[in-house]
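When a residue number appears, it is its place in the shown sequence, counting from 1. Each ligand, and each atom within it, is numbered from 1 in the order the structure gives.
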Amino acid sequence: MKIEKYTFGIGDRFAHQGMAQLQAILKVREAGIDVHPVWNKSNREHLIIKTSPDDVRAEADAAVAASGWTGAYYVDADHIGLKTVDAFIPASDFFTLDVADFTGKAAEVNAVEAFLKAASRYSGSLSIPGIDRPFHLTEETVRGAAGKFLLAVQEAGRIYRYLEERKGKEAFVTEVSVDETDTPQNPVELFLILAMISEERIPIQTIAPKFTGRFNKGVDYVGDLGQFAKEFDEDLSVIAFAVREFGLPESLKLSVHSGSDKFSIYPIINRLIKKHSAGLHVKTAGTTWLEEVIGLAESGGEGLALVKEVYAQANEHFAELAAPYSTVIDIDVTKLPDPQSVMGWSSAQYANALRHVESSPDYNPDLRQLLHVGFKVAAGMGKRFTEALRANEEIVGRNVTENLFDRHLQPIFA
Ligand SMILES: [Zn+2]
C-alpha cells in the first residue's frame with residue numbers, strides 16, 4: 001500500500017462531519033489538486049468520547065459511499081503503541097507509531113555500537129543535495145542521536161512487526177511520530193532517525209518530527225518563521241536523500257501534526273513542497289469540532305444556548321480539561337470571557353469570538369483553545385449534543401467545509 005503524494009488528516013470527534021469534510025477535499029480536487037483523505041483519531045480521543053476505532057471506519061466508509069468518492073482513502077490509528085494498538089487493527093490501514101515516550105532513554109550498548117558502525121560511513125563532512133552547507137557528523141553527534149532516539153526506533157520496529165504479522169506485509173501505511181517530545185529535532189537528527197528506521201527495516205511512508213516553534217491546538221503557529229522555513233526546507237532535502245541512500249519507500253514524506261490553523265506557515269509549506277516536488281501529510285482534528293460549535297452558535301435558539309453551556313462548563317473544569325493537552329495549549333485565563341457575560345452573547349458574538357479569523361477584533365484565541373479541549377463537555381452531553389448537530393446539519397456542515405477548504409486545503413496545497 002503506497003500512499004499518495006498529498007494526504008490530509010481529517011479528525012472528527014463526534015463522527016458526524018465525514019461528508020462535510022470530504023466535500024472540502026472534493027472541492028480542492030475539482031480545482032485540480034489531488035488530495036486524499038485520512039480519517040484520524042487517537043486512543044486518547046476515543047477514551048474521552050467513548051467511541052471505538054470501528055466507528056471511524058464506519059464513518060469513513062459511509063461518507064465515501066454517499067459522496068461517490070472513488071480514490072484511495074485511509075483510516076489512521078493515530079498515536080498508538082503496543083499497549084493500545086489491538087483495538088485499531090481491524091479498522092485501520094494507516095498506523096501512526098508513537099514512540100515519543102521511548103525517546104531520551106538508553107538502548108542496549110550492543111545496539112548503540114551496531115548503529116555507530118552502520119552510520120560510520122557518514123562521519124565527517126556530509127553533503128546533502130539541496131542543503132548549501134555540509135553537515136558535520138562526529139561520533140559524538142551519532143552517539144548523541146542514538147542516545148535520544150535508538151530505543152524509540154527499536155520500539156517502532158516492534159510495533160511494526162507486530163502489525164505486519166496481523167495485517168500482512170505492505171497491507172498498511174506506516175507513520176513514525178516523535179512529535180510529542182520536549183525538544184524539536186533538527187535536520188541532522190532527522191537524518192539519523194531515518195538511518196535508524198532503515199536499520200530496523202520499517203517501511204516508513206510518513207514521519208512526524210517535532211518542528212521548531214509551538215504547534216498549539218487550534219491556533220496559529222508561534223515561533224520564528226525564518227527558522228521554521230530553513231529547517232522545513234532542509235528536512236525535505238534530508239528525506240529525499242534518505243530515500244535514495246537507505247532505500248526507504250519513495251512515498252516517504254513529512255507529516256505535520258496539530259496541523260490545523262497554522263496559517264502563518266502554510267505559505268512556507270506550500271512554497272517548499274512545490275520547490276522539492278515533495279509529498280505532504282497534514283493532520284487536523286479539533287478544528288472541525290470547533291466549526292460544529294460555531295455552526296450551533298450561528299443557528300441561534302437551542303443550538304446557541306447549548307454551546308453557551310459548553311463554554312460555561314469548560315470554563316468551570318478548565319484545569320481538568322487542559323491537563324492532557326498541557327504541552328500543546330497556552331491559555332491565558334485572564335483573557336477568557338466571564339461565562340456569565342457569554343450567556344448574554346448573540347450568535348454573531350459567539351461565532352466571531354471563536355472563528356479563527358485573526359483580523360476580526362472579536363477573535364479570542366484563549367477562548368478558542370479552551371473550547372478546543374472542551375469537547376469532553378459536549379461528549380458528556382451525549383445525545384443532546386449530537387441531536388443538535390443533526391438538527392442543524394446544514395449550517396454546521398457549511399462551516400466545516402468552508403474552514404477546511406478556504407483556510408486549510410487551499411493555502412497548503414493549491
Ligand atoms: Zn501528533
Side-chain angles (χ1 to χ4, degrees), residues 3 7-13 37-49 53 56 74-85 88 92 94-104 148-149 152-153 155-156 159-160 173-185 189-190 193 197 202 204-223 228 231-232 235 239 252-262 265-266 269 279-290 322-330 369 372-373 375 408 412:
I3 198 157
T7 43
F8 191 69
I10 47 179
D12 187 0
R13 304 274 195 247
V38 179
W39 270 266
N40 50 251
K41 200 164 186 178
S42 65
N43 194 54
R44 177 171 62 191
E45 278 172 63
H46 280 303
L47 291 176
I48 292 175
I49 300 183
V56 182
Y74 304 87
V75 174
D76 174 7
D78 198 10
H79 283 282
I80 50 85
L82 275 181
K83 284 188 194 130
T84 49
V85 71
F88 290 86
S92 303
F94 184 128
F95 290 82
T96 299
L97 320 183
D98 179 349
V99 289
D101 283 350
F102 296 82
T103 58
K148 276 195 220 167
F149 303 112
V153 172
E155 180 66 13
I159 310 169
Y160 172 74
V173 172
T174 303
E175 167 160 328
V176 175
S177 76
V178 282
D179 64 307
E180 297 195 357
T181 53
D182 295 333
T183 48
Q185 294 102 35
E189 287 175 322
L190 180 63
I193 289 169
I197 287 173
I202 303 169
I204 185 175
Q205 298 198 62
T206 56
I207 179 146
K210 184 180 175 79
F211 298 102
T212 182
R214 294 275 301 174
F215 282 70
N216 286 335
K217 294 281 180 191
V219 290
D220 202 357
Y221 176 79
V222 181
F228 174 82
E231 292 194 7
F232 198 87
D235 284 348
I239 284 176
L252 176 63
K253 58 184 181 174
L254 282 173
S255 172
V256 180
H257 286 209
S258 297
S260 80
D261 297 279
K262 302 298 171 287
I265 57 172
Y266 290 168
I269 290 175
L280 182 72
H281 182 52
V282 176
K283 290 197 191 190
T284 74
T287 195
T288 285
W289 132 254
L290 290 175
Y325 294 93
S326 60
T327 59
V328 283
I329 50 172
D330 275 318
Q369 288 182 87
H372 194 287
V373 299
F375 64 94
H408 292 85
I412 296 170

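Aromatic ring orientation, Y325 versus F375: perpendicular (interplanar angle above 60°, classes split at 30° and 60°).
Side-chain contact between L82 and E155 is present, with heavy atoms from C-beta onward closer than 4.5 Å. The side-chain heavy atoms of F232 and V256, taken from C-beta on, include a pair separated by under 4.5 Å. Inter-residue side-chain proximity for I207 and I239 is flagged as met; some heavy-atom pair is nearer than 4.5 Å.
Only protein N, O or S atoms were scored, and 3 of them lie under 2.8 Å from the Zn ion (ligand 1).
With sequence neighbours excluded, no residue forms a salt bridge (Lys or Arg N to Asp or Glu O under 4.0 Å) with D220.
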**Request:** Check the pair K217 / E45 against salt bridge (charged side-chain N to carboxylate O under 4.0 Å, His left out), numbers first and verdict last.
**Result:** CA-CA 14 Å; K217 294 281 180 191; E45 278 172 63; over 6 Å; no
